[in-house]
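As structure tokens, the structure follows; a few thoughts come after it.
When reading the values below, keep in mind they use all heavy atoms of this one structure, side chains included, and skip hydrogens, waters and symmetry mates. None of the values given here were measured: they were computed from a predicted structure.
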Amino acid sequence: QVQLVESGGGLVQAGGSLRLSCAASGRTFSTYAMGWFRQAPGKEREFVAAISWSGASTRYADSVKGRFTISRDNAKNTVYLQMNSLKPEDTAVYYCAADVVFSIKVSTYVYWGQGTQVTVSS
């Protein structure tokens with residue numbers, strides 16, 4: 001069982017930056033791949049970024065490549081999403097997720113956080 005708690009969301013102007021954190025409970029955090037997903041009003045939840053258990057492999061959605069960076073600190077049981085050059089279309093609730101499989105698919109992930117709101121004003 002893994003419990004995930006996101007933080008770091010907020011309101012930012014276009015072009016600004018935010019850093020999301022996701023703190024995980026449990027001693028097996030380092031065995032899980034982690035993903036960030038987002039869901040805007042009226043839209044389906046979509047993949048943003050993922051990182052393997054070791055941090056050696058990462059994947060990004062095309063829409064965020066070059067602007068967002070996913071990283072993890074297994075000693076702190078935490079995964080991060082650094083978001084730069086934010087755009088109004090990045091506005092969404094951002095969720096972190098965990099699974100033993102490294103994947104970009106929403107359906108793969110078993111454990112989910114409650115989400116944190118990111119709003120980018122133009």
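Looking at heavy atoms from C-beta onward, Thr91 lies in side-chain contact with Gln117 at the 4.5 angstrom threshold. Put simply, the side chain of Gln82 reaches to within 4.5 Å of the side chain of Ser17, judged on heavy atoms. Side chains of Tyr94 and Met83 form a contact here, defined as non-hydrogen atoms less than 4.5 Å apart. With a 4.5 Å cut-off on side-chain heavy atoms, Tyr80 and Thr69 do not count as touching. In this structure the side chain of Trp112 never reaches within 4.5 angstrom of the side chain of Leu4, judged on heavy atoms. Two residues are said to be in side-chain contact when any heavy atoms from C-beta on lie closer than 4.5 Å; Val93 and Thr116 fail this criterion. Under the 4.5 Å side-chain criterion, counting only non-hydrogen atoms from C-beta, Val79 is in contact with Trp36.
The hydrophobic cluster containing Val2 also contains Ile70, counting ILVMFWY residues as joined when their side-chain heavy atoms lie under 4.5 angstrom apart, directly or transitively. A continuous path of hydrophobic side-chain contacts links Val120 to Val48 [ILVMFWY only; heavy atoms under 4.5 Å]. Hydrophobic clustering (side-chain heavy atoms under 4.5 Å, transitive across Ile, Leu, Val, Met, Phe, Trp, Tyr) groups Tyr32 together with Val101.
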Residue pair Arg72, Met34: steps toward the side-chain contact (heavy atoms from CB on, under 4.5 Å) verdict: CA-CA 9 Å; Arg72 66 189 296 160; Met34 300 295 296; 3.7 Å; yes
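For residues 96-107, the pairs satisfying side-chain hydrogen bond (donor to acceptor under 3.5 Å, both in side chains) are Ser103-Thr108, with sequence neighbours left out. Here salt bridge (charged side-chain N to carboxylate O under 4.0 Å, His left out) pairs that include residues 107-117, with residues two or more places apart or in two chains, number zero. Among residue pairs with one or both ends in residues 34-47, those qualifying as salt bridge (charged side-chain N to carboxylate O under 4.0 Å, His left out) are Arg38-Glu46, Arg38-Asp90; sequence neighbours excluded.
Contacts of Phe47 classified as ring-ring contact (aromatic ring centres under 6.0 Å, His included), with partners at least two apart in sequence or in another chain: Phe37. Residues passing the side chain to side chain donor-acceptor pair (under 3.5 Å) test with Glu89, sequence neighbours excluded: none.
Although no hydrogens or angles enter the test, the distance criterion places a donor-acceptor pair under 3.5 Å between the side chain of Ser25 and the main chain of Gln3. The backbone N or O of Gln114 sits less than 3.5 Å from a side-chain atom of Glu6, completing a donor-acceptor pair. Judged by distance alone, with hydrogens and angles left aside, the side-chain atoms of Thr119 form no donor-acceptor pair with the main-chain N or O of Leu11 at under 3.5 Å.
Tyr60 approaches Ala49 most closely through the heavy-atom pair CD2-CB, 3.7 Å. Closest approach of Ala40 and Ala92 over heavy atoms only: N-CB, 3.8 Å. The two residues Gly9 and Leu20 have their closest heavy-atom pair at N-CD2, 3.6 Å. Summarising the geometry of Leu18 relative to Gly8, their closest heavy-atom pair is CD2-O, 3.8 Å, with the distance given to 0.1 Å. The two residues Phe29 and Asn74 make their nearest non-hydrogen contact at CE2-OD1, 3.1 Å. In this structure, Tyr109 and Ala33 approach most closely via the heavy-atom pair CE2-O, 4.1 Å.
Think of Phe102 as one node in a network of Ile, Leu, Val, Met, Phe, Trp and Tyr side chains linked at under 4.5 Å; it has no links at all.
Put simply, CG on Asn84 and CZ on Arg67 are 9.0 Å apart, with the number rounded to the nearest 0.5 Å. In this structure, the separation between OG on Ser57 and CD1 on Ile51 is 9.0 Å, given to the nearest 0.5 Å. Taken from CZ in Phe68 to OG in Ser85, the straight-line distance is 9.0 Å, to the nearest 0.5 Å. Note that CG of Asn77 and SG of Cys22 are 10.0 Å apart. Values are rounded to the nearest 0.5 Å.
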